[in-house]
Amino acid sequence: MSSIQSLSSALSGLVAARRKLETHGHNIANASTEGYTRQRVIQSPVGAGVVAHVFSTSPSDPGGVMSMGVERLSDVLLQSRMATAVEGQGAAQATEKYMMRIEDAFAEPSESAISGQLTRYWGSWASLAISPDSTAARQQVLAEGEQLAYSLRRADTEMSDTLTYAGAELEATASEINNLSEQIADLNGAIVSAGRNTTSQADLWDQRDRLVSRLAQLTGATSRVREDSQVAVFVGGRVLVDNKTVLKVQATATELQWAIDGAKVDASGYVGSLHTLVSTTIPALRASLDAVAAALVSQTNAIHTAAADPSGATGRLFYDPAGLTAATIAISTDPTNGVAGNPQRVAAASVAGAVFDGSAAHALALLGDSPTGPDAAYMGFLSSLGVATSSARSRAASSELVLAAAANDYNATAQVNLDDELAEMTAAQRAYQASARVVTAIDEMLDDLIRRFGRVGA
Amino acid sequence: MRISHLMAQSKVTSDMAHAREVRDKAASQISSGKKITRLSDDPAGAMEALRARRELQRAEIYSVQSQDAVGWLDNYDSLLSQFSDRLLRVREVSLYGQNTGSAGPDVSDALADEILSIKTELLALANSRYTGKPLFAGAQNPASVYNASELYAGDSTPYMRNIAPGISMAVSIPGPDAFGVDGSGTQLFQTLTILENQVRTANAGGITSSINNLDVARERIETNRISVGVKTTTVEAVRTQREVANETLSRQISLVEDADLAQASIEFNSAQTAYNATLATAARLFESSLVNYLR
């Protein structure tokens with residue numbers, strides 16, 4: 001190795017140390033950037049790998065160090081574990097949000113909620129049974145019946161509103177998914193052109209990982225990095241993004257579809273939960289509330305139409321017999337027999353013309369205790385709602401914990417620790433100083449050679 | 001394990017949030033006095049409390065009905081005892097009429113007039129009302145329960161009262177049940193009319209058989225009195241038992257729903273301490289770094 005070559009070797013040390021300092025500076029600058037993965041310079045001694053062959057000259061190994069580029073310190077296994085956790089968290093979050101909203105609509109347990117109103121409704125019939133001649137008691141029955149019908153209608157509206165809201169969310173999610181897919185396809189191109197092991201490729205890679213993780217949360221998407229560093233994303237076994245190709249999705253009021261053939265996207269995650277809520281959970285809850293309304297209407301009317309009002313007429317309708325769902329239950333407005341606005345048509349007597357007979361009202365009051373009555377149906381509904389909401393809440397809480405644990409493990413390798421970086425930075429700084437010292441030493445050596453050579457003793 | 005600064009920071013933030021949540025939950029238990037504010041807090045407990053509360057609300061209906069039942073029964077008790085007393089007097093007068101038939105028409109007229117006035121008095125009593133409803137007319141509202149020819153103007157519908165879940169009781173006595181069916185020969189008022197005539201005409205034989213009929217009518221009233229007494233006892237017993245049951249229900253609701261204040265206070269204090277400790281730790285956690293020691 002010539003003396004000049006020694007100088008260039010020392011220079012490579014200076015350059016490598018500066019390169020390391022730059023990378024640590026980049027890490028420190030991004031210490032609090034969400035989703036940033038710390039980077040490390042790959043170094044290799046120059047001359048390694050020189051193989052002797054026929055025409056190789058005498059070893060002229062220049063020595064020194066070479067920067068091979070930067071690598072991201074990210075663990076693929078931990079990353080895939082985090083993707084699963086993110087998917088579970090997305091799914092649990094959607095269910096919790098919707099179930100709590102429905103639970104809020106009922107505001108139970110409370111005396112002013114539907115359970116209390118049912119009791120007051122039967123109580124008003126019991127009062128009428130005691131005073132069958134009282135107009136005030138009739139008005140009270142009418143008011144309580146009206147209030148109960150209104151509360152049931154309102155609860156049903158709240159539930160159908162959540163369906164509308166879910167449709168809107170699907171719409172927004174579809175455009176977010178398409179947007180994310182486009183960005184991922186763009187990044188695929190940028191990552192290839194940035195070149196291997198460059199800082200900018202590492203930064204773009206971080207950006208793409210963030211987008212893929214968001215897709216996993218929304219749809220349970222899985223991804224695979226191809227040979228050329230491009231990523232392919234799959235949802236429910238179908239390709240969403242591959243290299244630069246994007247397959248779009250679209251939303252209807254009830255589901256997310258592939259734009260190309262209108263097939264339902266077999267998604268898990270947030271969208272998967274929305275699918276289940278819209279197609280199964282909420283319709284089932286509405287159906288059980290409808291059963292409560294139907295029981296209330298048919299059982300009240302069965303006794304009421306057979307009973308006689310104060311004028312002795314029978315066949316009076318209390319609830320509209322056509323309104324057998326929670327959405328349509330209403331006091332009957334039938335012009336000849338409906339009680340709406342007409343308390344004198346509220347029937348309490350089993351015997352026509354018996355003014356003090358309250359036995360029909362008495363029978364109605366007893367419905368409150370019936371094991372097949374609306375109260376029992378409503379209690380059953382509340383119990384299933386409570387259990388479903390409670391399990392949604394605890395699933396949401398535990399999925400947060402699972403995600404936190406997975407993120408913790410992943411971040412332990414991927415994120416920046418300032419102390420580490422400072423220590424490494426100090427080491428790089430020292431390496432720089434040492435390389436500079438080597439340059440000085442060689443310079444002095446050359447100086448000796450040039451100026452003092454042959455002047456020994458002079 | 002390697003800890004990054006971002007991890008330490010987000011851990012402290014989430015720990016602070018958690019400590020605050022625990023503390024606020026204890027605080028809201030103390031201020032609201034409730035352990036359960038929504039169904040999903042404790043579905044089983046909430047349903048139990050709901051059932052208990054419903055039962056308690058239904059109990060109010062039963063207590064109103066029981067009270068009404070006692071009102072009716074008390075009225076019957078006093079009325080029937082008056083009937084019984086007056087009928088004894090009629091019996092006495094009739095026996096006197098039977099024995100002193102030969103004493104002359106003046107005496108017979110006087111005795112017959114007394115029977116007539118007692119009959120009028122009893123007819124007025126039979127018209128008695130409770131809360132505006134005639135006591136002996138079933139579910140009807142006639143101006144007078146027995147018309148001018150002593151025929152019943154009401155119906156046979158009894159008033160039913162629901163004194164407890166599953167226990168319904170007839171609290172009214174329609175006229176025929178208390179005074180006999182029209183034309184049966186032992187109908188009280190018809191019997192009195194016949195008796196009055198027989199005493200006036202000093203028909204000793206007729207008086208004897210009428211007194212027998214009168215005894216049957218009086219027996220019927222006594223039987224009704226006993227049954228009223230039994231019903232009153234039943235209502236009172238059920239009422240007492242329901243009051244005890246209601247207390248149990250209230251206790252049950254409170255047990256499930258209400259916060260244990262002492263426990264909540266202790267929880268609050270320990271949560272407050274934990275929160276303060278978390279804050280203190282967080283403040284000191286980021287003080288030190290290698291930067292402090294590098295020149």
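Within every chain, numbering begins at 1; the chains are lettered A, B, ... in the order of the sequence lines, protein sequences first and strands thereafter. Quick caveat, the model's predicted, so the values are computed rather than measured.
When all heavy atoms are compared, the tightest approach of A:Leu418 to B:His5 is N-ND1, 2.8 Å. Looking at every heavy atom in both residues, A:Thr33 comes nearest to B:Leu6 through O-CD2, 4.0 Å. Across all their heavy atoms, B:Pro134 and A:Phe356 have their closest contact at CD-CE1, 3.4 Å.
Annotation: maximal heavy-atom pairing with chain A below 4.5 Å, among B:Gln140, B:Met47, B:Arg58, B:Gln9, occurs at B:Arg58. The candidate from A:Asp133, A:Asn408, A:Leu385, A:Thr413 with the greatest count of non-hydrogen atom pairs under 4.5 Å with chain B is A:Asn408. Heavy-atom pairs under 4.5 Å with chain B were tallied for A:Gly368, A:Ala129, A:Ala31; the largest tally goes to A:Gly368. When A:Leu366, A:Asp409, A:Thr426, A:Leu118 are compared by the number of non-hydrogen pairs under 4.5 Å with chain B, A:Leu366 comes out ahead. For the options B:Asp68, B:Thr157, B:Asn162, heavy-atom pairs under 4.5 Å to chain A are most numerous at B:Asn162. Of the listed residues B:Ile61, B:Leu50, B:Ile3, the one with more heavy-atom pairs under 4.5 angstrom with chain A than any other is B:Leu50. Note on B:Ala137, B:Ser4, B:Ser14, B:Ala139: by heavy-atom pairs under 4.5 Å with chain A, the leading option is B:Ala139. For the set A:Asp357, A:Asp369, A:Val351, the count of heavy-atom pairs under 4.5 angstrom toward chain B peaks at A:Asp369. Note: A:Met100 leads A:Glu34, A:Met100, A:Arg120, A:Glu421 in heavy-atom pairs under 4.5 Å with chain B. The residue among B:Arg53, B:Gln57, B:Lys11 with the most heavy atom pairs within less than 4.5 Å of chain A is B:Gln57. Taking chain A as the reference chain and counting heavy-atom pairs below 4.5 Å, the highest number among B:Met7, B:Met160, B:Arg51, B:Glu60 is found for B:Met7.
A side-chain donor-acceptor contact under 3.5 Å links A:Glu103 to the backbone of B:Ser40. B:Arg2 contributes a side-chain N or O that, together with a main-chain N or O of A:Gln415, makes up a donor-acceptor pair within less than 3.5 Å.
B:Lys34 NZ: more than 12 foreign heavy atoms inside a 6.0 Å radius. Within a 6.0 Å sphere centred on CZ of B:Arg129, other residues, nucleotides and ligands contribute more than 12 heavy atoms. B:Arg239 CZ: more than 12 foreign heavy atoms inside a 6.0 Å radius. Atom CD of A:Gln433 sits in a crowded spot, with more than 12 heavy atoms from other residues, nucleotides or ligands closer than 6.0 Å.
No side-chain heavy atom of B:Leu39 sits under 4.5 Å from any side-chain heavy atom of A:Thr389. Looking at heavy atoms from C-beta onward, B:Arg161 lies in side-chain contact with A:Ile130 at the 4.5 angstrom threshold. Here the side chains of A:Pro109 and B:Glu257 are in contact, with some heavy-atom distance below 4.5 Å.
Looking at B:Asp41, the atoms closer than 4.5 Å to chain A (heavy atoms on both sides) sit in the backbone and in the side chain alike. Using a 4.5 Å cut-off between heavy atoms, B:Asp155 contacts chain A through its side chain alone, with no backbone atom that close. Both the backbone and the side chain of B:Ser289 come within contact range of chain A, judged by heavy atoms closer than 4.5 Å. Only the backbone of A:Val416 comes within contact range of chain B, with at least one heavy atom under 4.5 Å from a heavy atom of that chain. The parts of B:Asn141 that come within reach of chain A are both its backbone and its side chain, each placing non-hydrogen atoms under 4.5 angstrom from that chain. Neither the backbone nor the side chain of A:Ala388 comes within less than 4.5 Å of any heavy atom in chain B.
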